[in-house]
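Keep in mind that this is a model prediction, so the values were computed, not measured. In what follows, every chain begins at residue 1, and chains take the letters A, B, ... in the order their sequences are listed.
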There are 2 protein chains.
Amino acid sequence: MNDFTSPQTFPVKHIAESTVRRLSLYLRFLEEFEAKGHETISSGELAAFGGTTSAQVRKDLSFFGSFGKRGLGYSVKDLTAAIREILGLEHPWSVIIVGAGKIGAALAQYRGFSSRGFTVVGVYDKEPARVGLKLDGLVVRPESELERDIHRLKPQIAVITVPAEAAQALVDRVTAAGIKAVLNFAPAPLTVPDGVTLRAVNMATELEILAFTLTNGTTV
Amino acid sequence: MNDFTSPQTFPVKHIAESTVRRLSLYLRFLEEFEAKGHETISSGELAAFGGTTSAQVRKDLSFFGSFGKRGLGYSVKDLTAAIREILGLEHPWSVIIVGAGKIGAALAQYRGFSSRGFTVVGVYDKEPARVGLKLDGLVVRPESELERDIHRLKPQIAVITVPAEAAQALVDRVTAAGIKAVLNFAPAPLTVPDGVTLRAVNMATELEILAFTLTNGTTV
DNA sequence: GGGGGCTTGTGAAATCATTCACAAGCTACA
DNA sequence: TGTAGCTTGTGAATGATTTCACAAGCCCCC
Ligand SMILES: NC(=O)c1ccc[n+]([C@@H]2O[C@H](COP(=O)([O-])OP(=O)(O)OC[C@H]3O[C@@H](n4cnc5c(N)ncnc54)[C@H](O)[C@@H]3O)[C@@H](O)[C@H]2O)c1
Ligand SMILES: NC(=O)c1ccc[n+]([C@@H]2O[C@H](COP(=O)([O-])OP(=O)(O)OC[C@H]3O[C@@H](n4cnc5c(N)ncnc54)[C@H](O)[C@@H]3O)[C@@H](O)[C@H]2O)c1
């Protein structure tokens, strides 16, 4: 049993993406629980929200230490703090959004990001008609300023919301300028340099998985 | 080796979601390949695009039959058709979007859906200010018409883009009216009746996985 | 202070997914 | 017709993730 009393990095071997995704979910439920004034929560209750099992919850947490009290459960407050720290949310992250079109604009104004510690520090577009547009306090900037702004503001994360054809060129530019993580919404397979993390959100694929399930009866 | 010469349903035991997700990706690459005029493609080429391995590609396909020619590879045209059929994309699907806010409006106008056989047949909102708005040919309708429209137009899929607090009530309504699959964008855990498929897209989670990776160095 | 009732943390077992490795089959060409 | 050079399809092996099952620990109450 580990003794995690001081702020620190967690011992990481290799954590499955599925585990990290569930931790993010648990965090959301814990915040709801905290808002409702509950003091403690058991792995079973947490599991019920997330559609998983209590063993899964305990195993997920066990990779990072030991956060509960036997017989009692977890302190909502402490577990919230622990998961925030595990996920790296104790300090805010700066995000730029490349492409101020329909989806880029929606994301730039999305309060679900800022409320979780992701601050959008810049939105970029190449169309003169879009540059200067106000999005919830942010002003769309010309794409030509990308490099300069990245050097100045040092954002860690870039969200790519340009048409598929333009995506790779822009990823090359932002990673060359120092971006370390990319969230891609364009339906194009992208490559990034070593040391940069890339994730893709593909909404057409989500619909296609639904279509598969509807067609084949079985749960995928 | 199976003989898939006639349109039919595929023999399904239980297919992993990861397999279905990759099939959707392969389909995208195949379409690009077809556009470029290539006639055949090998599992290795397909794998290179998708960041996977040739064995994975062949295994994925093997769950559904045998679509290639040894020594040669796959006919781009035939494999495209086969995967479209596996995914259930041979006939179009009708989709409604519930919540004509920022993200709902973006999705309603997204051409990446219609180009893949998903037709948005209705967009709904409860705000009088939004009802009547034109989104790319579609007119936003009052949420009170939901049930009537579902009975009339028989859409199979509902996309939920309302605030988290409103999501469960609307899912209950659309599933009661006959919707069989739900794609949820609201950050709320939803429940659906038996026989209805539910998927969730959670963008904050995607950013949090990036934050975890940035914080913990290792690849998740 | 001891026992009952819960709940955690965690190895071991079971299940699920990916990778390996190779026989079988196709084309081309002599 | 036979052989060389590829690539598929697929059981078997490996690796990863989830589930099981239970000892250890905590709280409460008698
Ligand atoms: N709209 C959606 O709901 C949706 C959903 C999923 C994925 N996507 C994907 O997201 C991307 C954007 O979609 P959208 O609907 O917002 O399209 P859009 O046309 O509204 O926006 C794209 C924006 O990118 C800008 N752009 C183009 N080249 C650029 C460059 N070199 N530098 C900076 N900006 C540039 C354009 O000027 C435009 O404003 C597309 O790849 C699309 O496939 C969109
Ligand atoms: N904007 C984003 O980029 C983004 C990203 C991810 C997830 N989300 C989620 O998607 C949902 C919508 O986000 P948004 O940014 O578009 O918000 P929004 O406020 O712009 O849109 C929500 C819309 O839903 C409508 N609505 C509310 N109650 C309704 C009801 N009962 N029936 C019909 N319509 C109703 C509202 O009138 C509004 O137009 C939220 O749950 C949000 O967390 C948004």
Side-chain angles (χ1 to χ4, degrees), chain A residues 1-4 10-23 25-26 30 33 38-76 78-79 82-83 86 209 218-220, chain B residues 1-4 10-23 25-26 30 33 38-76 78-79 82-83 86 209 218-220:
Chain A
M1 185 160 356
N2 292 318
D3 178 24
F4 282 107
F10 290 89
V12 171
K13 333 154 219 289
H14 173 87
I15 303 298
E17 173 177 326
S18 49
T19 291
V20 181
R21 168 164 271 121
R22 283 189 301 265
L23 288 176
L25 264 185
Y26 303 157
L30 284 165
F33 244 69
H38 294 61
E39 304 258 304
T40 63
I41 190 171
S42 71
S43 57
E45 293 171 283
L46 215 32
F49 274 96
T52 180
T53 66
S54 64
Q56 181 75 82
V57 171
R58 295 198 303 277
K59 182 61 95 180
D60 285 339
L61 293 172
S62 78
F63 295 129
F64 301 96
S66 148
F67 306 99
K69 275 217 181 65
R70 290 165 195 229
L72 254 198
Y74 302 87
S75 148
V76 171
D78 293 354
L79 188 56
I83 295 184
I86 291 168
I209 297 175
T218 19
T219 146
V220 287
Chain B
M1 182 156 2
N2 292 316
D3 177 23
F4 282 106
F10 291 87
V12 172
K13 333 152 218 288
H14 174 86
I15 303 297
E17 173 178 324
S18 50
T19 291
V20 181
R21 170 163 269 121
R22 282 189 301 265
L23 288 175
L25 264 185
Y26 302 158
L30 284 165
F33 243 69
H38 294 63
E39 305 257 304
T40 62
I41 190 171
S42 71
S43 56
E45 293 171 284
L46 215 32
F49 274 96
T52 179
T53 66
S54 64
Q56 181 75 82
V57 171
R58 297 198 302 278
K59 181 61 92 181
D60 285 339
L61 293 172
S62 77
F63 296 129
F64 301 96
S66 145
F67 306 100
K69 277 217 180 67
R70 290 164 196 232
L72 254 197
Y74 302 86
S75 148
V76 171
D78 294 354
L79 187 57
I83 295 183
I86 292 168
I209 297 176
T218 17
T219 147
V220 289

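Taking CD1 of A:Ile15 as the start and CD1 of B:Ile209 as the end, the distance is 13.0 Å to the nearest 0.5 Å. Taken from CG in A:Leu23 to CZ in A:Phe63, the straight-line distance is 9.5 Å, to the nearest 0.5 Å.
Taking every heavy atom of both residues into account, A:Val57 and A:Ser43 meet most closely at CG2-O, 3.8 Å. The two residues A:Leu61 and A:Phe67 make their nearest non-hydrogen contact at O-CE1, 3.5 Å.
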> Which letter, B, S or -, goes with each nucleotide of nucleotides 12-18 of chain D from 5' to 3', with contact meaning a protein heavy atom under 4.0 Å?
Replying inline: B----SS

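Using a 4.5 Å cut-off on side-chain heavy atoms (C-beta onward), B:Leu79 and B:Tyr26 make no contact. B:Ile86 places none of its side-chain heavy atoms less than 4.5 Å from the side chain of B:Val20.
Rounding to whole angstrom units, CG of residue B:Leu61 and C1' of C:dT18 are separated by 15 Å.
Scored by the side chain to side chain contact (heavy atoms under 4.5 Å, CB included) test, A:Leu72 finds A:Lys69 as partners (sequence neighbours excluded).
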Can you tabulate the close N/O pairs, meaning under 3.5 Å, that link protein atoms to atoms of nucleotides 6-8 of chain D?
{"unit_1": "D:dT7", "atom_1": "O4'", "unit_2": "B:Gly71", "atom_2": "N", "d": "3.0"}
{"unit_1": "D:dT7", "atom_1": "O2", "unit_2": "B:Gly71", "atom_2": "N", "d": "3.1"}
{"unit_1": "D:dT8", "atom_1": "OP1", "unit_2": "B:Ser43", "atom_2": "N", "d": "2.7"}
{"unit_1": "D:dT8", "atom_1": "OP2", "unit_2": "B:Ser43", "atom_2": "OG", "d": "2.7"}
{"unit_1": "D:dT8", "atom_1": "O2", "unit_2": "B:Arg70", "atom_2": "NH1", "d": "3.3"}

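Using cut-offs of 30° and 60° for the angle between ring planes, the B:Phe33 and B:His38 rings count as tilted.
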